[in-house]
Every structure is written in C-alpha cells, then in structure tokens.
Chemist: 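Pasting in a structure now, in structure tokens, and then I'll have a few things to ask.
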Amino acid sequence: MSELPADVAKALGELDTPTICNAVEVVVPERRARGYNVRPLVCAHPNLPPILGFARTARIKAQHQPEKPQDSVGYYTYVAEGGPLPAISIVQDIDDTPGYGAMWGEVNTNLHYGLGCIGLVTNGSIRDIPDSAENFQMLAGMINPAHAWINVVDWGAPVNVHGMECDDGDLVHADMHGACVIPIESAADVVTEAQRIAAREAILIGAAKEPGFNMEKLKKAWAGMAQLH
C-alpha cells in the first residue's frame, strides 16, 4: 500500500465527499460510476466534519442465531492492528433483511473509536445515537432499536455497501452525503483537481450572485472557467 502524505490527508479531510467524487471521476475516469454508495445512507451526526481513513471491512448477520461463537478477540485485533490508522469500518450486512439487528450503538462506537476507528459506513442499522461516541461518524442503511443476533461473520475481505465496492485497506472519505473510495495512488492528484474544480465553480457562482445576472454574463463566466487548467 502506498503511504498517504500528511499534507495530502489534511487537504482531503477539508473537502466534502461530493467534491471528492467530482475530482476522482476526472483523475481516474474509469471510476466515474463506481466506488461510492448509490443508495441513500442515514447520517447519524451531520454536523461532524468529513472523515478520512483506511477501510476495515467486515460482514455481519443478525436475523438468526449464529451456529458458532463469534471470535471477538480476532475481530477487534483486526480493527486495532489490521492496517494503518485512522480506520473506518466498512460493514456489509448480508442478512436477507439488512438492518434486522444493530451492531452499532453506545458500546461498539466507543470500543471502535478507542481502537483508532473514527467512523462507520454500513448498509445495516445503528442505534443509541445520542449515546454513541462523540466524534464517531455513522452512515447506515437504517436506524433500529434492537441488536437481535448480531454477529460478525468475517472480516478483511471485499465488501459492497449500498453499491460501494471496498477492499480491506482502501482509502475512504465520508461525510453527511455518503462515502467514496479514493485510489490512494491518485490521492494527491485528487486534491489538485478538487482545487481546480473549486476555482472554476467560484467563477460561476460568483457571477450568478451578481446583480443583473443573465445569459450573457453566464456565457462570460463559462468562458472564464474554460481558461482555468
């Protein structure tokens, strides 16, 4: 895995996820229609800033009693020591009815946050939102009051969360809008492209806010945007 320079990580963390998606589709055109969730997710803490971290992938079930005891030591060791930090849990609920039981609430958010995991993206469910770890972001398929037979089936393998394909160790960016996988080898270029996008959009938005904005001024703004490379 390529290392992520601190300045690149800082710059990515200051961007919102839609801007990240816009930049990725320019820098890595083949990822224009993949690498992000394509169904809506509930954001537990929309006022938190964007999160950026390395994926810890897992699959869970809750609808039926598990046939064997869960290896809690193995799973939490993976969360804490399975790769670079900070981590983001990317969890696929593989029940016939995803979200049947909530893995995430007051206890698990605090345990994961204490082990270096700063957030979660799952098609499953969450609960205990007011009592969850203060700075732990959660994007989930739904909210559910019960945990049922929740258990971690496996971890460290590829998952798909609402259309976002993600591998163990992938670089993930998420905020209230959703989540996106950033090809780590292109991370610096994503920052540069995001800055270009912001500059071009500033020209257009600035023109739209001026008194007397009309089609001629719009065409002039478009021309000004085209000059930025």
Chemist: Go through the structure and list residues passing ring-ring contact (aromatic ring centres under 6.0 Å, His included) with Tyr113, not counting sequence neighbours.
Modeler: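 Testing Tyr113 for ring-ring contact (aromatic ring centres under 6.0 Å, His included), a comparison that skips the adjacent residues, returns none.
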
Chemist: Is there a side-chain contact between Asp175 and Leu139 in this structure, where contact means two heavy atoms from C-beta onward sitting under 4.5 Å apart?
Modeler: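 With C-beta onward as the side chain, the pair stays apart.
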
Chemist: Show your working on side chain to side chain donor-acceptor pair (under 3.5 Å) between His173 and Thr17 and close with a plain yes or no.
Modeler: CA-CA 6 Å; His173 190 282; Thr17 305; 2.9 Å; yes

Chemist: In chain order, what residues pass the side-chain hydrogen bond (donor to acceptor under 3.5 Å, both in side chains) check against Tyr100, with sequence neighbours excluded?
Modeler: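 Result, side-chain hydrogen bond (donor to acceptor under 3.5 Å, both in side chains) vs Tyr100: none returned.
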
Chemist: For residues Thr19 and Asp16, is any side-chain donor paired with an opposing acceptor at under 3.5 Å?
Modeler: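 Judged by distance alone, the side chains do pair up.
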
Chemist: Can you see which heavy atom on Thr109 is nearest to which on Ala133, and at what distance?
Modeler: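 Minimum heavy-atom contact is OG1-N, 2.9 Å.
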
Chemist: Under 4.5 Å between any side-chain heavy atoms of Leu120 and Met103, yes or no?
Modeler: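 No; the side chains remain at least 4.5 Å from each other.
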
Chemist: Decide yes or no on side chain to side chain contact (heavy atoms under 4.5 Å, CB included) for Thr97 and Gln63, but give the supporting numbers first.
Modeler: CA-CA 8 Å; Thr97 304; Gln63 196 164 355; 4.0 Å; yes

Chemist: Could you tell me the separation between the CD atom of Glu81 and the CZ atom of Arg56, rounded to the nearest 0.5 Å?
Modeler: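 These two atoms lie 9.5 Å from each other.
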
Chemist: Please check if Val42 and Ile150 belong to a single hydrophobic cluster, counting links between Ile, Leu, Val, Met, Phe, Trp and Tyr side chain heavy atoms closer than 4.5 Å.
Modeler: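 Yes.
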
Chemist: To check you understand the geometry: which heavy-atom pair defines the closest contact between Ala148 and Ala62, and what is its length?
Modeler: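 In this case the closest contact between Ala148 and Ala62 is CB-O, 3.3 Å.
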
Chemist: Check the hydrophobic clustering (I, L, V, M, F, W, Y; side-chain heavy atoms under 4.5 Å; chains of links allowed) and say if Leu48 and Met176 are grouped together.
Modeler: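 As far as the 4.5 Å side-chain criterion goes, Met176 and Leu48 are not connected within one cluster.
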
Chemist: Counting N and O atoms only, with roles assigned by atom type, does the side chain of Thr57 sit under 3.5 Å from a partner on the main chain of Ala157, one being a donor and the other an acceptor?
Modeler: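 Yes; at least one donor-acceptor contact below 3.5 Å.
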
Chemist: Quick one: does Asn135's side chain get under 4.5 Å of Ile118's, heavy atoms only?
Modeler: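 Counting from C-beta outward, Asn135 and Ile118 never come under 4.5 Å.
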
Chemist: What's the shortest heavy-atom distance between Leu4 and Val8, and which atoms?
Modeler: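 Between these two residues, the closest heavy atoms are CD1-CG1, 3.8 Å.
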
Chemist: Taking side chain as C-beta onward, heavy atoms only, is Ile182 less than 4.5 Å from Val172?
Modeler: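 When only atoms from C-beta onward are counted, Val172 and Ile182 do not touch, as no gap falls below 4.5 Å.
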
Chemist: Report the distance from atom NZ of Lys220 to atom CG of Leu218, rounding to the nearest 0.5 Å.
Modeler: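 Result: 12.5 Å between the selected atoms.
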
Chemist: Any chance the side chains of Ser132 and His45 put a donor and an acceptor closer than 3.5 Å?
Modeler: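 Side-chain D/A pair, Ser132 to His45: present.
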
Chemist: Answer whether the closest heavy-atom distance between the side chains of Arg200 and Ile203 falls below 4.5 Å.
Modeler: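 With C-beta onward as the side chain, the pair stays apart.
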
Chemist: Check whether Leu115 and Val107 end up in the same hydrophobic cluster, where Ile, Leu, Val, Met, Phe, Trp and Tyr are linked by side-chain heavy atoms less than 4.5 Å apart.
Modeler: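 Yes: a chain of side-chain contacts under 4.5 Å links Leu115 to Val107.
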
Chemist: Mind checking the CD-CD1 spacing from Glu106 to Ile129? Nearest 0.5 Å is all I need.
Modeler: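 It comes to 13.0 Å.
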
Chemist: Give, for atom CD of Glu134 and atom CG of Asn110, the distance between the pair rounded to the nearest 0.5 Å.
Modeler: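 Glu134 CD to Asn110 CG: 10.0 Å, rounded to 0.5 Å.
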
Chemist: Side chain of Asn151, backbone of Trp149: donor and acceptor closer than 3.5 Å?
Modeler: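 Answer holds: yes.
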
Chemist: Heavy-atom count around Glu30 CD within 6.0 Å, excluding the residue itself: above 12?
Modeler: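 Result for CD/Glu30: enclosed.
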
Chemist: Measuring from atom CZ of Arg59 to atom CG of Asp95, what distance do you get when rounded to the nearest 0.5 angstrom?
Modeler: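 Those atoms lie 11.5 Å apart.
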
Chemist: Can you name the nearest heavy-atom pair linking Asn37 to Val161, along with the distance?
Modeler: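 Scanning both residues, the minimum pair turns out to be CB-O, 4.1 Å.
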
Chemist: Taking all non-hydrogen atoms of both residues, which atom of Gly156 and which atom of Tyr78 are closest, and how far apart?
Modeler: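 For Gly156 and Tyr78, the tightest heavy-atom pair comes out as CA-OH, 3.5 Å.
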
Chemist: Do side-chain atoms of Asp131 reach the backbone of Asp128 as a donor and acceptor pair under 3.5 angstrom?
Modeler: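 Between the backbone of Asp128 and the side chain of Asp131 there is no qualifying donor-acceptor contact (under 3.5 Å).
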
Chemist: Val191 versus Leu12: any side-chain heavy-atom pair under 4.5 Å?
Modeler: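 In contact.
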
Chemist: Is any NZ, NE, NH1 or NH2 atom of the basic residue among Glu14 and Lys10 found under 4.0 Å from an Asp or Glu carboxylate oxygen of the other?
Modeler: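 Result for this pair is yes, salt bridge flagged.
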
Chemist: Hey, is the main chain of Asn144 close enough, under 3.5 Å, to the side chain of Ser125 for a donor-acceptor pair?
Modeler: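 No; zero donor-acceptor contacts below 3.5 Å.
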
Chemist: Between Asn108 and Tyr76, is any side-chain donor less than 3.5 angstrom from a side-chain acceptor?
Modeler: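 Indeed, the side chains of Asn108 and Tyr76 share at least one donor-acceptor pair under 3.5 Å.
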
Chemist: In the structure I gave you, are the side-chain heavy atoms of Leu41 and His162 within less than 4.5 Å of one another anywhere?
Modeler: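 Yes. Closest side-chain heavy atoms under 4.5 Å.
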
Chemist: Decide yes or no for Val24 and Tyr36: does some side-chain heavy atom of the first lie under 4.5 Å from some side-chain heavy atom of the second?
Modeler: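 In short, these two side chains do not touch, never coming nearer than 4.5 Å.
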
Chemist: Holding to side-chain hydrogen bond (donor to acceptor under 3.5 Å, both in side chains), I want the full list of residues that pass it with Arg32, two or more places apart in sequence or in another chain.
Modeler: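 side-chain hydrogen bond (donor to acceptor under 3.5 Å, both in side chains) check on Arg32 returns Glu25.
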
Chemist: Please tell me whether Met142 and Val121 are part of a single hydrophobic cluster in this structure, the criterion being side-chain heavy atoms less than 4.5 Å apart.
Modeler: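 Different clusters.
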
Chemist: Could you go step by step and tell me if Leu171 and Phe54 meet the side chain to side chain contact (heavy atoms under 4.5 Å, CB included) rule?
Modeler: CA-CA 5 Å; Leu171 182 64; Phe54 298 93; 4.0 Å; yes

Chemist: Are the aromatic rings of His112 and Tyr75 close, with centres under 6.0 Å apart?
Modeler: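 Centroid distance His112-Tyr75: below 6.0 Å, so yes.
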
Chemist: Rounded to the nearest 0.5 Å, how far apart are OG of Ser89 and CD of Gln137?
Modeler: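 Interatomic distance, Ser89 OG to Gln137 CD, rounded to 0.5 Å: 13.0 Å.
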
Chemist: So does Asn160 get a backbone contact from the side chain of Gln92, meaning a donor-acceptor N/O pair under 3.5 Å?
Modeler: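 Flag set: sc Gln92 to bb Asn160 pair under 3.5 Å.
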
Chemist: So, for Gly124 and Ala140, which heavy atoms are closest and what is the spacing to 0.1 Å?
Modeler: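 Closest heavy-atom pair between Gly124 and Ala140: O-CB, 3.5 Å.
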
Chemist: Check whether Lys217 reaches the backbone of Pro211 with its side chain - one donor and one acceptor, N or O, closer than 3.5 Å.
Modeler: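 Yes.
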
Chemist: Under 4.5 Å between side-chain heavy atoms, hopping through other hydrophobics if needed: is there a path connecting Val159 to Trp155?
Modeler: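 Same hydrophobic cluster.
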
